Number of protein chains: 2
Amino acid sequence: MPRAGVTAERLTLAAAELADEVGFANVTVSALARRFGVKDASLYSHVRNAHDLKVRVAVLALAELADRVGDAIAGRAGRDALVAFANAYRGYATDHPGRYAAAQVELDLDTLLAGAARRHADMTRAILRGYHLPEPAQTDAVRMLHSTFHGYVTLEHTGAFQHTARPAEESWRHTLNALDAALRHWPTDR
Amino acid sequence: MPRAGVTAERLTLAAAELADEVGFANVTVSALARRFGVKDASLYSHVRNAHDLKVRVAVLALAELADRVGDAIAGRAGRDALVAFANAYRGYATDHPGRYAAAQVELDLDTLLAGAARRHADMTRAILRGYHLPEPAQTDAVRMLHSTFHGYVTLEHTGAFQHTARPAEESWRHTLNALDAALRHWPTDR
DNA sequence: ACCATTTGCCTAACTGCTCTAGGATAGTAC
DNA sequence: GTACTATCCTAGAGCAGTTAGGCAAATGGT
C-alpha cells in the first residue's frame with residue numbers, strides 16, 4: 001500500500017483550507033485525517049497535538065496576511081497607504097475567514113509570534129510615516145487602527161451589520177475617511 | 001435524596017460564572033453538571049443542548065452589557081457620553097471576559113437578538129446625538145465606534161498590546177480622543 | 001389523606017474527537 | 001541484502017455531547 005505522503009506542511013495547508021470551508025472551530029484532527037484518507041493517530045507523527053496544528057495554521061495565516069498587506073502598501077503613502085492596508089486586511093479576512101480566525105488565537109510562543117506580529121506592527125508604522133506622528137502617539141494610533149480594522153471585519157463576519165440596510169461596503173469607506181481625518185488631526189492631548 | 005434545584009436560569013448564570021473563570025470556550029455541559037453535583041444528562045431537561053446553553057449566556061451577557069452602558073451614559077452628552085459608553089463597555093469586558101466572549105457568538109435567532117442588539121445600536125445612536133450627524137453617516141459612525149471598541153478590548157485581552165511598553169490604558173484614552181475628534185469633524189465625503 | 005400526573009434526576013449506551021502505546025511495513029543508506 | 005528510520009497501522013483509553021427509558025420526589029385535585 002502506497003503512503004499518503006503526509007507532512008507537517010501539507011497538513012497545515014490542508015487545515016487552513018478546511019478552516020476556510022467549515023470554520024476554524026471545526027478544524028479537527030479527525031476531519032483532517034479523513035481528508036488525507038488516513039487514520040487519526042497517523043497525524044501525531046507530524047504534529048504534536050491539536051493545539052500545535054492550530055498554532056501552525058495561525059502562523060501561516062499571519063504570514064499570508066502580512067504578505068498581502070505588504071504588497072498592497074508598497075509604493076504608497078499617506079491616505080493611499082491607509083486605504084490599501086485596510087482593504088488588503090479586510091480582503092484577506094473575507095477571502096479566508098477560517099485562516100483569519102486562526103490568526104486570532106493566543107500565541108504564547110513569543111519567538112514565533114515575534115516573527116509575524118512584528119511585521120504587522122512595522123507595516124502599520126510604515127503607513128503612519130506620512131502622518132508625522134511622534135511617539136507615543138504613533139503607538140496609540142497603531143493600536144487604534146488595528147482595533148478598528150479587526151473589530152470591523154469581525155463584526156461584519158458575525159453578521160452584526162446585517163440588520164441595517166446600509167451596505168457594509170459604504171460604512172467601511174467612510175470609516176476609512178474618518179480614520180484618515182483622525183490621523184491628520186491627531187489630538188495632542190487634553 | 002433531595003433535588004438539586006436546577007433551573008434554566010440558574011444554569012445560565014452558573015455557565016456565565018464558569019465562563020468568566022475558565023473562558024467561554026471551556027464552558028461545557030459536563031463541567032456545569034459537575035458544578036451542580038448532577039449528572040450530565042440531567043441538564044438536558046432544562047436546556048436543549050450545549051449550543052442552546054451558550055446562546056442563553058450570550059443573551060444574558062448582552063443584556064447585562066446594555067444595562068451597564070445604559071447607566072453610564074444616562075444624563076451625559078457629547079464627549080462625556082462617548083467616554084462613559086466606551087469605559088462601561090471596556091469595563092464589562094474586563095470584569096467578565098467569559099461573558100463578553102459569549103456575547104460574540106453568532107445569534108441566528110433574530111427575534112432574541114433584536115431585543116438586546118437593538119438596545120446597543122439605540123444607545124450608540126444616543127451618543128451621536130450630540131454630534132449632529134445625518135443619516136447615513138450616523139450608521140457609519142455607529143459601526144465605526146462599535147468596531148473600535150470591540151476590536152480594542154478583543155486585542156487587549158488576547159495580549160496583542162503586551163509587546164510594547166505603552167500601557168493599554170493610555171492608548172485607550174487617546175483613541176477615545178481621536179474618536180471624539182473624528183466625530184466632531186466627520187468627513188462629508190470625497 | 002390518597003392517587004395521578006408532572007417534573008427532576010438517574011443509569012445505560014452510542015457517537016465523535018483526542019491522544020498514547022506498540023506493531024507492521026515501506027523507503028533509504030550502506 | 002541488512003539495518004535503520006519514517007510512515008502508517010490497530011487497539012484502546014478518556015472525555016464531551018446526546019438520546020432513551022426508568023424511578024422517585026414534588027404537586028395538585030378530590
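In this text, all values refer to a predicted model and were calculated from it rather than measured experimentally. All chains are named by letter (A, B, ...) in the order of the sequence lines, taking the proteins before the strands, and each is independently numbered beginning at 1.
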Check: A:His96 ring centre within less than 6.0 Å of A:Tyr92 ring centre: yes
Review item, nucleotides 9-11 of chain D N/O atoms under 3.5 Å of protein N/O:
unit_1, atom_1, unit_2, atom_2, d
D:dC9, OP2, A:Lys39, N, 3.0
D:dC9, OP2, A:Ser42, OG, 2.5

Do A:Val69 and A:Met144 sit in the same hydrophobic cluster, where Ile, Leu, Val, Met, Phe, Trp and Tyr count as joined when their side-chain heavy atoms come under 4.5 Å apart? yes
Apply side-chain hydrogen bond (donor to acceptor under 3.5 Å, both in side chains) to B:Arg143 and A:Ser171, showing your working. CA-CA 7 Å; B:Arg143 289 174 175 177; A:Ser171 295; 3.0 Å; yes
Using whole Å, report how far CG of B:Leu53 lies from P of D:dG17. 9 Å
Applying a strict under-4.5 Å side-chain criterion to I, L, V, M, F, W and Y, I'd like to know whether A:Val29 and A:Leu60 cluster together. no
For atom CG of B:Leu43 and atom C1' of D:dA16, their distance in whole Å: 12 Å
Take the protein atom CG of A:Asp52 and the nucleotide atom C1' of C:dT18, then report the distance between them rounded to whole Å. 14 Å
Aromatic plane relationship, A:Tyr89 with A:Phe149 - under 30° parallel, 30 to 60° tilted, over 60° perpendicular: tilted
Side chain to side chain contact (heavy atoms under 4.5 Å, CB included) assessment of A:Phe161 paired with B:Ser147: CA-CA 11 Å; A:Phe161 297 160; B:Ser147 296; 3.9 Å; yes
Is there a side-chain polar atom (N or O) of B:Thr28 under 4.0 Å from OP1 or OP2 of D:dC15? no
Length of the line joining B:Asn49:CG and C:dC14:P, which is rounded to integer Å: 22 Å
What is the distance, to the nearest angstrom, from the CG atom on A:Leu11 to the P atom on C:dT18? 13 Å
Could you check how far CZ of A:Arg48 sits from C1' of C:dT18, rounded to whole Å? 15 Å
If you check the B:His46 side chain, which of C:dC17, C:dT20, C:dC9 turns out closest? C:dC9
Could you tell me whether the phosphate oxygens of D:dA16, OP1 or OP2, come under 4.0 Å of any side-chain nitrogen or oxygen in B:Arg34? yes
Which whole-number value in Å describes the distance from A:Tyr44 OH to C:dG23 C1'? 19 Å
Rounded to 10 degrees, the angle between the two terminal axes of the helix from C:dA1-D:dT30 to C:dC30-D:dG1, each from five pairs: 10°
Can A:Arg125 and A:Arg129 be said to form a side chain to side chain contact (heavy atoms under 4.5 Å, CB included), step by step? CA-CA 6 Å; A:Arg125 283 206 149 70; A:Arg129 213 165 288 140; 5.5 Å; no
Evaluate the side-chain hydrogen bond (donor to acceptor under 3.5 Å, both in side chains) criterion for residues A:Tyr100 and A:Asp95: first the C-alpha distance (whole Å), next the side-chain angles of each, then the deciding distance (0.1 Å), finally the verdict. CA-CA 9 Å; A:Tyr100 183 77; A:Asp95 294 348; over 6 Å; no
Would you call A:Arg119 and A:Asp67 a salt bridge, taking side-chain N to carboxylate O under 4.0 Å as the test? yes
